Each structure stands twice: as C-alpha cells, then as structure tokens.
Amino acid sequence: MLFTTKWLATLFPNYRGQAMDNIEVAEVATDSRKKLDESLFVPLEGENFDGHDYMKDAFDRGASAALWDKKKGLPDFLPADFPVFFVEDTLAAMQELAKAYREKVNPVVIAITGSNGKTTTKDITASVVGASFKTHYTQGNLNNQIGVPLTILSMPPDTEVLVAEMGMNHFGEIETLTKIARPDYAVITNIGESHIEYLGSREGIAEAKLEIIEGITKNGYLLIDGDEPLLRHIHLRDGVITCGFEDHNDVAITNITISQQSTQFELSDDDSYTIPLLGSHHALNASFAVTIGGLLNIATKTVKQALTELELTSMRFELMNGKNGSFIINDAYNASPTSMKASINAVKHLEGFRQKVLVLGDVFELGKNSKQLHRTVADSIDESMTAVLTFGKDADEISSAVFKQTPAIDCRHFTSKETLLDALNAYITKDTLVLFKASRGMQFESFVKQVIDPSQ
Ligand SMILES: CC(=O)N[C@H]1[C@@H](OP(=O)(O)OP(=O)(O)OC[C@H]2O[C@@H](n3ccc(=O)[nH]c3=O)[C@H](O)[C@@H]2O)O[C@H](CO)[C@@H](O)[C@@H]1O[C@H](C)C(=O)N[C@@H](C)C(=O)N[C@H](CCC(=O)N[C@@H](CCC[C@@H](N)C(=O)O)C(=O)O)C(=O)O
Ligand SMILES: Nc1ncnc2c1ncn2[C@@H]1O[C@H](COP(=O)(O)OP(=O)(O)OP(=O)(O)O)[C@@H](O)[C@H]1O
Ligand SMILES: C[C@@H](N)C(=O)N[C@H](C)C(=O)O
C-alpha cells in the first residue's frame, strides 16, 4: 500500500465519496488500458486522448479512487461512494501528490540530469546504492513531467534511496521536477547539444540543467562535469563536487583503459574501477555513482562489486551478436552530436574486428544549426572505419563530410531504410562490427532487428 484515501483527502479536500473510509491505494495509474487493482486513477489530457474519457475502463479494471479535473463532468455510472478528488489540473495535482509522498517516505533522493548519460548514470548509481540500501529508481526513460511523479509514486513506502532521472527540453522543466523530488544529491552529467532547438544555445542548456539547484535539500550535494566551461562558475559553491578528466577536478578520472568488454579507470582516491561499459564517457558516468557511494559510506569493495553487476537499460551501446558472425552495437535509443561522437570514439577503441561500419541517422531538435552540428560528427570518424551509411534528412551531412576527409571510407546516404538495409547486408559478415545510432524518432531498432542473430 502506498497511502490511503484519508491521507489523500488532506491534500485534496474537495472530494466526494467515502474517502474517509481509509481505502488503501496500492498504486497510482494514468492508463486505463493497464491493470489497475486498488489504484488511484489519474486521468491526463494528452496528444491523442483525454484520460477522463476512460474512467469507466479504469473503474472496471479495479481503480479504487480517482483525481478529476473539476471543470469536467463526472460520469453518471460512478457509485456515490467511489472517492473522487476534484482538482484544478490533474497533472499538477499528481505532481503535488508526488512531492507530498516523497516527503512522507523521505528517502535519500538522488536526481540525475544532463544532456547525455542520464539513464546510464541512473542505472550505475542504482546498482551502487542498491548494494547497501533498499533502492527505487526510474524505470526505462520515464524522466519527464509525468515520468518523475510516476517514479516517485511507485516507490515502496520503505524505500531508503530513490534514484530519479530528470529529462527536459524546455526551460522550467527541471525546476518543476527538482522541487517535486527535493534531491539530496543532484548530478549534471554533461552539457551537450540535446534539444538545443528549444534552449537556443549550449549556454541555455546549462542554464536549464542548473535549475536542479532550486530543489536540492539543505546541505545537499551537486555533482557536475567539472571539465565543462559552462559550469565553471559554480565550482566553488558549497556542496558542489566536480568530476572529470582534468586534474583540477575534486574527483579526477585517470588511467583509462578500454577493452572489448570493459572500461577500467582510476579516481582521485587512486583506486582502480572497472565497468562493463565501453568508453571514457562511461567512466565519467561511473565517477558520479562512485562518489555518491562514498558519500553514503558504502565500502569501496562493495561499490566495485556493484559496478560489475550493472543492469543496464536497453539500446544504450548494447552489444549483440549479429548474423553471419557479425557484431552489433545497438545504441539506437537516442542521439545527439556529443553522444554520437562518444560512441564512435568507443568503437575506435574496439580491437579484433575485420571491418567497422557506422549506421547513423538524424539527430532531432538541433534547431537552425542542425546541418552544421551533424557535420561535426565527422570529426570523430577516421580511416579505422570501413563504411559510414546514413539515413534521414540531415544525416547526409555526416557521410558527405566523411567522404571529403577520408574518401577511402565507403560513405553513402540513403533515402529509404530498405535500400540502406540492402547495402548494409553486404557488410553483415564474420568479424564485422556495426554501430547503430540516431534520435529516438528515427526508430533505428527497425534496422537492428533485421541484422541481429535470431538465435540470441
Ligand atoms: C501522457 C502519457 O503518459 N501518455 C502515454 C500514452 O500515450 P497515448 O498517446 O496513448 O495517450 P495520450 O498521451 O494521448 O493520452 C493521455 C492519457 O490518456 C490515457 N489513456 C489513453 C487511452 C486509453 O484508452 N486510456 C487511457 O487512460 C493515457 O494513458 C494518457 O495518460 O501511452 C504511450 C504508450 O505507452 C506513452 O508513450 C505515452 O507517454 C508519454 C509520451 C509520456 O510523456 N510518458 C512519460 C511517462 C515519460 O516519461 N515518457 C518517457 C519519455 C520522456 C521523454 O521524452 N523525455 C525527454 C525529456 C523530457 C521532455 C519533456 N518536455 C516531455 O514532455 O517529455 C528526454 O529527452 O528523455 C518514455 O516514454 O520513455
Ligand atoms: N557522459 C556522456 N557523454 C557523452 N555521451 C554519453 C555520455 N553517457 C552516455 N552517452 C551516450 O549517450 C547515449 C544515451 O545514453 P543515456 O541513454 O544514458 O543518456 P540519456 O541522457 O538518458 O539520453 P536521452 O536523454 O537521449 O534519453 C548513449 O549513446 C551513450 O553512449
Ligand atoms: C526521448 C525523447 N525525449 C527525445 O529526445 N526525442 C528525440 C528528440 C526524438 O524524438 O528522436
């Protein structure tokens, strides 16, 4: 049980039905299409539907109570004793409920934002703190104005540590989320170019990410990418911990070694750590988790063990077996120029492959400089790559730029997935490595499923 309708009534006093009967609420749900036993149904207005139209489904599927936009008529079928809490706006009310529930459970809260690495850093941090504490964390990528409240409202009442990923693509969104979650530890993984279309500049992205400070608890900590010039002005603030590759950082990452299975690195404590992730950028992600583990007095040995037992969210540089003895890296959940370059640099370090092929697609939300930002990806591509196959509207800027700088590479742009797949299949041979990467909306998983070994 999360809470009772009687407790809800203290938050939302404008209600009808038997709320004071202390009806137990086991979960908070926003989708009548899912199992709703003993749930509080929160109808939301979305792009395609209005949840208020599905109250009957929710009731039939076992909802015990509901929030309701008081401007909308209540369906007649609802029994008079069914608890309904009338609110101005159901999303705002769900966010208020999440804030109150966070205070009621009062776990240690770790919030993670940044242009890239949020989900990975969340997964690493959850593994580290989960080794010593009852931990609840963001499932998948549920990190927005709806996802963070749902993450908090799915937290068991005996949770000791909450790890919440916070995403944004407009000003004010992180401020809302941090004031709900009230983090004791906040992390800004990096400042890239993600969603720059709406933030205007990298300076704007930094400003939006720094909103996370508004919610940090008294004596809380903010961990940041200490190498990022746009964050340099806060280095000396109380509670700020810098992590990065330059030696001025509070937590300096050194002696990085990348193999086919793992990345090894040392931190300022001169201790060596190994993670089953490839690339120096993941050493940065892990440094945030290790630092928080230390601040929570988790033994170094325990932290190191947890780093080897990561449960990673899919489609983030996911290594898979391909057909005909090839190897696939499914990094297709999302992309930005920064993350695309980071992943290409990781591929460069991978040895033992006969050929390396990059299948790259559009990066969305880059605004007026989109073509130029796509071209910058070519800066990371060298003659160690056999082929660069691109698909989308702006991705041809990558293949064109690579062809100009390294004509020996097979650089082709395709305007249909079918023709790209035909060309790609010629490379799906023994010991060829293929990286797939593009924005979420490109749905590059449609390529991956065509070339992975069906037996895996
Ligand atoms: C609102 C919602 O949850 N919608 C989900 C729903 O979409 P669908 O189109 O079916 O419904 P509507 O949204 O139109 O409907 C409104 C509600 O009505 C409910 N309903 C509908 C039909 C019915 O028969 N019964 C019903 O009860 C419905 O459930 C709605 O509540 O289903 C889709 C498929 O499952 C979901 O994908 C959709 O979820 C939306 C996209 C959503 O925002 N979900 C969050 C929980 C979430 O966190 N999603 C993340 C992606 C987050 C993300 O993109 N983050 C960005 C940064 C933040 C940007 C920010 N500005 C933003 O707005 O997102 C990032 O870069 O990471 C995820 O899904 O991974
Ligand atoms: N610190 C980092 N710097 C640059 N790129 C990174 C970093 N961490 C992860 N990446 C790359 O970014 C991509 C997405 O990683 P992840 O999903 O963890 O980030 P995210 O911030 O949650 O992304 P999104 O907001 O798109 O969901 C992956 O390709 C990964 O290789
Ligand atoms: C995951 C989602 N918030 C996102 O970043 N979407 C990109 C811009 C896309 O639609 O591909």
Side-chain angles (χ1 to χ4, degrees), residues 29-34 36 41-58 61 63 66 90-91 94 112-124 138-151 154 164-174 176-177 187-195 198-199 208-209 225 227-228 243-245 253 277-288 312-318 329-347 363-365 435-441:
T30 58
D31 197 336
S32 71
R33 297 163 292 193
K34 296 178 179 172
L36 298 179
F41 178 57
V42 181
L44 300 176
E45 289 190 49
E47 287 180 13
N48 304 307
F49 306 98
D50 180 348
H52 291 83
D53 297 335
Y54 301 92
M55 184 65 239
K56 182 72 169 59
D57 289 348
R61 286 199 167 93
T90 51
L91 175 57
M94 186 169 76
I112 298 168
T113 192
S115 295
N116 310 105
K118 298 185 292 297
T119 300
T120 304
T121 303
K122 174 264 295 181
D123 289 340
I124 300 170
T138 300
Q139 296 301 297
N141 193 62
L142 301 187
N143 68 14
N144 69 2
Q145 304 293 301
I146 301 164
V148 171
L150 286 177
T151 297
S154 58
E165 175 180 335
M166 295 185 177
M168 68 91 198
N169 64 0
H170 287 85
F171 290 111
E173 292 182 342
I174 293 296
T176 298
L177 297 178
V187 176
I188 300 177
T189 59
N190 79 332
I191 304 297
E193 320 82 5
S194 301
H195 315 300
Y198 305 121
L199 285 307
K209 296 298 184 185
D225 170 2
D227 299 336
E228 172 51 64
C243 298
F245 304 99
I253 306 161
L277 288 162
L278 306 183
S280 57
H281 52 292
H282 288 307
L284 176 63
N285 296 336
S287 72
F288 298 123
L312 296 166
T313 306
S314 62
M315 298 176 67
R316 276 80 172 176
F317 213 85
E318 189 177 358
I329 298 173
N330 178 359
D331 198 16
Y333 179 75
N334 209 354
S336 69
T338 296
S339 66
M340 201 172 261
K341 286 186 272 191
S343 296
I344 292 166
N345 286 328
V347 168
V363 176
F364 296 155
E365 299 185 11
L435 168 72
F436 291 94
K437 191 157 189 67
S439 255
R440 178 83 311 263

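Each residue takes its place number in the sequence, starting with 1. Since the structure is predicted, the reported quantities are computational estimates derived from the model, not experimental observations. Read the numbers this way: they start at 1 and go in the same order the structure lists the ligands and their atoms.
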In this structure, CE of Met168 is separated from OG of Ser194 (nearest 0.5 Å) by 8.0 Å

Item to complete: Could you tell me whether a side-chain N or O of Ser154 sits under 3.5 Å from a main-chain N or O of Thr151, the two making a donor and an acceptor?
Response: yes

Ligand 1 atoms nearer than 4.0 angstrom to some heavy atom of Gly51 are 18 (O)

Ligand 2 to Asn285 polar contact by distance, N or O atoms, under 3.5 Å
yes

Near Glu173 (heavy-atom distance under 4.0 Å), the atoms of ligand 1 are 60 (C), 61 (N)

The atoms of ligand 1 lying under 4.0 Å from a heavy atom of Ile146, numbered in the order shown, are 1 (C), 46 (C)

Would you say Glu228 and Asn190 make side-chain contact, with heavy atoms under 4.5 Å? no

Q) Is Ile253 close to Leu284 at the side-chain level, that is, under 4.5 Å between some pair of heavy atoms? A) yes

Near Ser32 (heavy-atom distance under 4.0 Å), the atoms of ligand 1 are 23 (C), 24 (O), 25 (N), 26 (C), 27 (O)

A student checking ligand 2 against Ala342 at a 4.0 Å heavy-atom cut-off should list atoms 4 (C), 5 (N)

Any cation-pi pair here, Arg33 with Phe49, using under 6.0 Å and within 45°?
yes

Arg33 N/O under 3.5 Å from ligand 1 N/O: yes

Any N or O of Lys34 that comes nearer than 3.5 Å to an N or O of ligand 1? no

Honestly, for Thr189 the part within reach of ligand 2 (heavy atoms, under 4.0 Å) is neither

The atoms of ligand 1 lying under 4.0 Å from a heavy atom of Gly147, numbered in the order shown, are 46 (C), 48 (O)

Going by the 4.0 angstrom heavy-atom rule, the piece of Ser115 near ligand 2 is backbone

Closest to atom 68 (C) of ligand 1 by heavy-atom distance, out of Leu142, Leu150, Leu91, is Leu142

Under 4.0 Å from one or more heavy atoms of Glu165, ligand 2 contributes atoms 22 (O)

Taken to the nearest 0.5 Å, the spacing of Lys341 NZ from Lys437 NZ works out to 13.0 Å

### Query
Does Ile329 reach the side chain of Glu318, with side-chain heavy atoms less than 4.5 Å apart?
no

Examine Glu47 against ligand 1 and note whether any of their N/O atoms are separated by less than 3.5 Å. yes

Would you say Asn141 and ligand 1 have an N/O pair spaced under 3.5 Å apart?
yes

The atoms of ligand 2 lying under 4.0 Å from a heavy atom of Asn334, numbered in the order shown, are 24 (P), 26 (O)

Numbered in order shown, the ligand 2 atoms found under 4.0 Å of a heavy atom of Lys437 are 13 (C), 28 (C), 29 (O)

Taking only non-hydrogen atoms of Ser343 and a 4.0 Å limit, the atoms of ligand 2 in range are 29 (O), 31 (O)

Under 4.0 Å from one or more heavy atoms of His195, ligand 1 contributes atoms 66 (O)

Side chains of Glu173 and Asn144 in contact at under 4.5 Å (non-hydrogen atoms): no

Examine Gly167 against ligand 1 and note whether any of their N/O atoms are separated by less than 3.5 Å.
-> no

Within 4.0 Å of some non-hydrogen atom of Asp31, the atoms of ligand 1 are 25 (N), 26 (C), 27 (O), 29 (O)

d(Asn143 CG, Thr113 OG1) to nearest 0.5 Å is 8.0 Å

inquiry  = I'd like to check whether His170 has a polar contact with ligand 1, where a contact means an N/O of the residue lying under 3.5 Å from an N/O of the ligand.
reply    = no

Within the 3.5 Å criterion, strictly below it, is a donor on Lys122 or Thr138 matched to an acceptor on the partner's side chain? no

Honestly, for Tyr333 the part within reach of ligand 1 (heavy atoms, under 4.0 Å) is side chain

*Do Glu193 and Thr338 get their side chains close enough for a donor-acceptor pair, meaning under 3.5 Å?*
yes

Atoms of ligand 1 under 4.0 Å from any heavy atom of Asn143, numbered from 1 in the order shown, are 48 (O), 52 (C), 53 (C), 55 (N), 56 (C), 57 (C), 65 (C), 67 (O)

Distance col, row Leu44:CG vs Tyr54:OH, nearest 0.5 angstrom, shows 13.0 Å

Short version for Tyr54: what comes under 4.0 Å of ligand 1, heavy atoms counted, is side chain

*Is there a donor-acceptor contact under 3.5 Å linking the side chains of Ser314 and Asn330?*
no

Taken to the nearest 0.5 Å, the spacing of Thr313 OG1 from Asp123 CG works out to 3.5 Å

NE2 (His281) and CZ (Phe317) are apart, to the nearest 0.5 Å, by 6.5 Å

- prompt: Can you find a pair of side-chain heavy atoms, one from Arg316 and one from Asn141, that are under 4.5 Å apart?
  reply: yes

If we number the atoms of ligand 2 from 1 as shown, the ones under 4.0 Å from a heavy atom of Arg316 are 15 (O), 16 (P), 17 (O)

Under 4.0 Å from one or more heavy atoms of Asn141, ligand 2 contributes atoms 27 (O)

Short version for Thr120: what comes under 4.0 Å of ligand 2, heavy atoms counted, is both

Q) Under 3.5 Å, is there a donor-acceptor pair between the Thr119 and Glu165 side chains? A) yes

If we number the atoms of ligand 2 from 1 as shown, the ones under 4.0 Å from a heavy atom of Thr338 are 4 (C)

